[in-house]
Amino acid sequence: MKQEFTVENGGMRLDVYLSAVTGKTRSAIKQLCDSGAVLINGGVDKCGRIVKIGDRIELTEEEKTMAATPQDLPVTILYEDDDIAVIDKAQGMSVHPGAGNKDGTLVNALLYRLNNLSSINGTVRPGIVHRLDKDTSGVLVVAKNDAAHLSLSNQIAARKVQKLYLAILEGNLKDDEGEIVTFIGRSSRDRKKMAVLPSGKQAITHYRVLERYKQNCFVEFDIKTGRTHQIRVHAQYMGHPVVGDKTYGYAKQRFKLSGQLLHAHSIAFKHPRTGEEVRFTAPIPNEFSNVLRFLREERKED
């Protein structure tokens with residue numbers, strides 16, 4: 001399978017750019033570069049090369065035999081046109097098939113519901129431009145054609161897409177708002193987890209406390225980068241993990257929940273075809289709302 005890209009926002013490393021537009025890890029991109037599968041302006045180059053506006057990149061991979069299959073699964077579509085679909089992903093649903101998780105994903109549902117999905121990420125992750133953790137609910141945009149996919153990927157790479165999240169944290173943050181700037185990488189102790197590490201990739205998260213309760217706070221997060229588990233890791237780093245987070249949170253949880261109380265509330269970007277600034281919002285799910293209601297009532301009793 002051959003993919004072609006034209007750089008719209010220069011100034012970043014080749015592997016960083018390709019990782020952003022394809023969703024592949026930088027280590028996977030490096031292997032492709034080393035094997036000669038990546039050409040820039042017709043020639044082979046190092047993955048550390050800085051790309052410039054107008055550079056033409058070709059990525060050639062062998063077709064994978066595995067492909068996601070359509071499944072009639074419940075999925076909430078907030079908006080759809082010829083270029084994009086905006087989804088309210090349910091908590092507990094994985095975005096795409098992976099190891100030990102070959103079906104029952106959002107991709108399986110989208111293949112059944114939608115007529116077209118972009119082909120840039122192959123047959124396993126068609127249409128997927130960005131992801132949410134399995135137990136994180138909320139708004140997610142998918143591309144229905146390759147042109148839309150490239151536009152959205154370039155906006156994400158240039159940090160021009162705004163994604164706002166809502167979460168309930170353990171305890172109360174000291175400041176009403178602030179910014180966390182660290183480096184996040186894969187934990188050496190547990191490869192399934194991420195951690196704040198000197199050797200990781202820069203991660204920037206802005207937070208704003210919306211409400212305070214006896215033992216918790218309700219917080220809005222504005223992520224400036226899109227690292228794996230970024231909000232969950234940064235919340236743990238501040239000493240106030242997300243309520244219900246079984247990976248980064250407290251071993252003993254106060255509430256019986258089906259996942260962490262982290263919700264992708266809104267996303268804003270330029271529409272790939274019209275260039276118009278658009279924003280989409282996903283309502284807070286019932287389990288999250290029920291805990292908020294309980295915490296507000298508990299606060300009144302003081």
Side-chain angles (χ1 to χ4, degrees), residues 11-13 15-20 22-30 47-48 91 94-95 98-99 130-138 140 156-210 212 215-254 257 259-265 267:
M12 64 186 78
R13 288 169 53 110
D15 55 351
V16 174
Y17 173 81
L18 283 175
S19 177
T22 66
K24 298 179 183 297
T25 64
R26 284 174 65 181
S27 59
I29 295 297
K30 185 179 186 305
C47 63
Q91 186 181 66
S94 295
V95 171
H130 66 111
R131 288 168 282 184
L132 294 175
D133 297 338
K134 178 180 179 180
D135 288 330
T136 297
S137 59
L140 182 145
I156 291 171
R159 300 184 183 178
K160 293 181 179 179
V161 175
Q162 184 188 50
K163 291 181 273 187
L164 298 179
Y165 292 74
L166 298 175
I168 299 178
L169 304 187
E170 303 282 6
N172 270 282
L173 293 168
K174 179 182 177 182
D175 299 318
D176 288 337
E177 62 180 300
E179 191 169 70
I180 313 149
V181 182
T182 70
F183 294 88
I184 289 178
R186 195 160 296 281
S187 171
S188 58
R189 297 180 180 180
D190 185 345
R191 300 302 292 173
K192 294 181 180 179
K193 297 174 66 175
M194 308 301 287
V196 172
L197 300 169
S199 58
K201 301 175 185 176
Q202 187 182 57
I204 304 171
T205 305
H206 183 270
Y207 67 87
R208 181 167 66 96
V209 177
L210 303 177
R212 294 181 180 274
Q215 303 176 46
N216 304 91
C217 56
F218 181 33
V219 182
E220 177 188 80
F221 288 96
D222 182 355
I223 58 172
K224 306 302 182 183
T225 54
R227 307 306 173 209
T228 302
H229 301 173
Q230 179 171 320
I231 293 174
R232 298 164 65 193
V233 171
H234 272 170
Q236 180 195 48
Y237 177 75
M238 291 190 293
H240 299 277
V242 178
V243 170
D245 192 336
K246 297 177 182 178
T247 301
Y248 300 101
Y250 293 166
K252 187 176 181 180
Q253 292 285 334
R254 183 183 180 193
L257 302 168
Q260 63 262 6
L261 295 183
L262 177 61
H263 177 66
H265 186 54
I267 187 168

**Study point:** Nearest-0.5 Å distance, OH of residue Y17 to CD1 of residue I29
**Key:** 11.0 Å
Practice item. With sequence neighbours left out, write down each residue that passes side chain to side chain contact (heavy atoms under 4.5 Å, CB included) with R186, or none if nothing qualifies. Key: R191, M194
Study note, to complete from the structure: Residue set satisfying salt bridge (Lys or Arg N to Asp or Glu O under 4.0 Å) with D133, at least two apart, ordered chain then number -> R232
Check your understanding: Got a sec, which residues hit side-chain hydrogen bond (donor to acceptor under 3.5 Å, both in side chains) with K201, two or more places apart in sequence or on another chain?
Key -> none
**Study point:** side-chain hydrogen bond (donor to acceptor under 3.5 Å, both in side chains) partners for S94, two or more places apart
**Key:** N101
Review point. So do the side chains of H130 and V161 get within less than 4.5 Å of each other, counting heavy atoms only?
Key: no
Review point. Excluding sequence neighbours, so at least two apart, what forms side-chain hydrogen bond (donor to acceptor under 3.5 Å, both in side chains) with Q253?
Key: none
Exercise for review: Go through the structure and list residues passing side chain to side chain contact (heavy atoms under 4.5 Å, CB included) with T182, not counting sequence neighbours.
Suggested key: I180, I184, V196, A203, H234, Y237
Check your understanding: Roughly how far, to the nearest 0.5 Å, is the CG atom of D135 from the OG1 atom of T247?
Key -> 8.0 Å
Review point. Can any side-chain N or O of Q230 pair as donor or acceptor with the backbone N or O of I204 at less than 3.5 Å?
Key: yes
Study note, to complete from the structure: The side-chain hydrogen bond (donor to acceptor under 3.5 Å, both in side chains) partners of S27 (sequence neighbours excluded) come to T25
Check your understanding: Rounded to the nearest 0.5 Å, what separation is found between the OG atom of S19 and the CZ atom of R13?
Key -> 11.0 Å
Review point. Side chains of L169 and V242: does their closest heavy-atom pair fall under 4.5 Å?
Key: yes
Check your understanding: CG/L257 to CG/D245 distance, rounded to the nearest 0.5 angstrom?
Key -> 11.0 Å
Check your understanding: Looking at residues at least two apart in the chain, or sitting in another chain, which of them share a salt bridge (Lys or Arg N to Asp or Glu O under 4.0 Å) with K224?
Key -> D222
**Study point:** Sub-4.5 Å side-chain heavy-atom contact between I231 and T136
**Key:** no
Check your understanding: In chain order, what residues pass the side chain to side chain contact (heavy atoms under 4.5 Å, CB included) check against A195, with sequence neighbours excluded?
Key -> S187, L197
Review point. With H229, which residues qualify under ring pair (Phe, Tyr, Trp, His ring centres under 6.0 Å), at least two apart?
Key: Y248
Check your understanding: Under 4.0 Å between a Lys/Arg side-chain N and an Asp/Glu carboxylate O for K30 and D15?
Key -> no
Check your understanding: Does anything in residues 157-209 pair up under ring-ring contact (aromatic ring centres under 6.0 Å, His included), and if so which pairs, sequence neighbours excluded?
Key -> none
Practice item. List the atom of F221, the atom of A167, and the distance in Å for their closest heavy-atom pair. Key: CE1-CB, 3.8 Å
Review point. Hey, what do you get for CG (L164) to CZ (R208), rounding to the nearest 0.5 Å?
Key: 8.5 Å
Check your understanding: So, does S137 use its side chain to make a donor-acceptor pair with the main chain of H263 at under 3.5 Å?
Key -> no
Revision key, fill the gap. Of all heavy-atom pairs linking A157 and A20, the shortest is CB-CB, 3.6 Å
Check your understanding: For R212, which residues count as a side chain to side chain contact (heavy atoms under 4.5 Å, CB included) partner, sequence neighbours excluded?
Key -> N172, D176, V209
Review point. Is the count of non-hydrogen atoms from other residues, nucleotides or ligands lying under 6.0 Å from K134 atom NZ greater than 12?
Key: no
Revision key, fill the gap. Rounded to the nearest 0.5 Å, the NZ atom of K193 sits from the OG1 atom of T228 at a distance of 14.5 Å
